[in-house]
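Here the structure is laid out as structure tokens; the discussion comes afterwards.
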Amino acid sequence: MNNLLIMWIVLTVVFAVIEALTLQIVTVWFAVGSIGAIIANVVGATPLIQLIVFVALSILTLVIARPYLKKFTQTKVQPTNADVCIGKQAIVTEEINNVLGTGQAKIRGTIWTARCYDENVIIKEGSTVIVTAIEGVKLIVKPE
């Protein structure tokens, strides 16, 4: 066994171990490339050809497989019931004053703690506001 063959085998094992230890697809491309280099070495290719095979197979595997694998590893965002509130109107049930830390608004039959997106704006009770975001259990609103 020549030294170059040993190097390719070690690299294959290292890439495979790294891939096994990570939660994402990181080094599988290089493992495939190094397997190709092992085959090139066994059939008697020069070190330069082995390197070219390694790089070419690694890039080819990345380009071909990555788009398909991303589909399986991407998490889909599931909208919650609260997400439907964004962009909708709410009625202020308690004056919204960010400085004092007060404020509530009612939307879809539920009363939420509410804060204005603008720290300097005070919104009076009974006003209609638009929900711009939800942070934790607080509505972030703006005057209508």
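Quantities reported herein were computed from a predicted structural model and do not represent experimental measurements.
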Determine whether Trp112 and Ile134 make a side-chain contact, defined as any pair of heavy atoms from C-beta on separated by less than 4.5 Å.
yes
Taking all atoms of both residues into account, what is the closest heavy-atom pair of Pro143 and Cys116, and its distance?
CD-SG, 4.3 Å
Val42, Leu51: one ILVMFWY side-chain cluster at the under-4.5 Å cut-off?
yes
Apart from Leu21 itself, which Ile, Leu, Val, Met, Phe, Trp or Tyr residues share its cluster (side-chain heavy atoms under 4.5 Å, direct or through members)?
Val13, Val17
Salt bridge (Lys or Arg N to Asp or Glu O under 4.0 Å) filter on Glu94, not counting sequence neighbours, yields none
Sidechain-backbone polar pair: Glu19 side chain, Thr27 backbone, donor-acceptor under 3.5 Å:
yes
As an exercise, state the distance from CZ of Phe30 to CG of Leu57, rounded to the nearest 0.5 Å.
12.5 Å
Which pairs, with at least one residue in residues 116-141 and sequence neighbours excluded, count as a side chain to side chain donor-acceptor pair (under 3.5 Å)?
Glu95-Lys124
In short, salt bridge (Lys or Arg N to Asp or Glu O under 4.0 Å) pairs touching residues 41-59 with sequence neighbours left out are none
Drop me the distance from Leu60's CG to Trp29's CH2, to the nearest 0.5 angstrom.
11.5 Å
Listed partners of Asn2 passing side chain to side chain donor-acceptor pair (under 3.5 Å), at least two apart
Asn41
Check the hydrophobic clustering (I, L, V, M, F, W, Y; side-chain heavy atoms under 4.5 Å; chains of links allowed) and say if Met7 and Phe15 are grouped together.
yes
Which atom pair, heavy atoms only, marks the closest approach of Ala37 to Val53?
N-CG1, 3.9 Å
Can you measure from OG1 (Thr102) to CD1 (Ile123) and round to the nearest 0.5 angstrom?
10.5 Å
Would Thr113 and Val137 count as a side chain to side chain contact (heavy atoms under 4.5 Å, CB included) here? Give the steps.
CA-CA 7 Å; Thr113 300; Val137 294; 5.6 Å; no
Within a strict 4.5 Å, meaning less than it, do heavy atoms of the Gln89 and Ile130 side chains meet?
yes
With distance as the sole test, does Asn98 use its side chain to make a donor-acceptor pair with the main-chain N or O of Arg115 at under 3.5 Å?
no
Do Ile86 and Leu139 sit in the same hydrophobic cluster, where Ile, Leu, Val, Met, Phe, Trp and Tyr count as joined when their side-chain heavy atoms come under 4.5 Å apart?
yes
Quick one: which residue pairs count as a ring-ring contact (aromatic ring centres under 6.0 Å, His included) with a foot in residues 31-57, not counting sequence neighbours?
Trp8-Phe54
Which atom pair, heavy atoms only, marks the closest approach of Val131 to Cys85?
CB-O, 3.4 Å
Say whether Leu11 and Val32 are linked into one hydrophobic cluster, either directly or through other cluster members, by side-chain heavy-atom distances under 4.5 angstrom.
no
Which atom names give the shortest non-hydrogen contact between Thr93 and Ala105, and what distance separates them?
OG1-N, 3.8 Å
For the hydrophobic clusters of this structure (ILVMFWY residues joined by side-chain heavy atoms under 4.5 Å, transitively), does one cluster hold both Ile140 and Ile122?
no
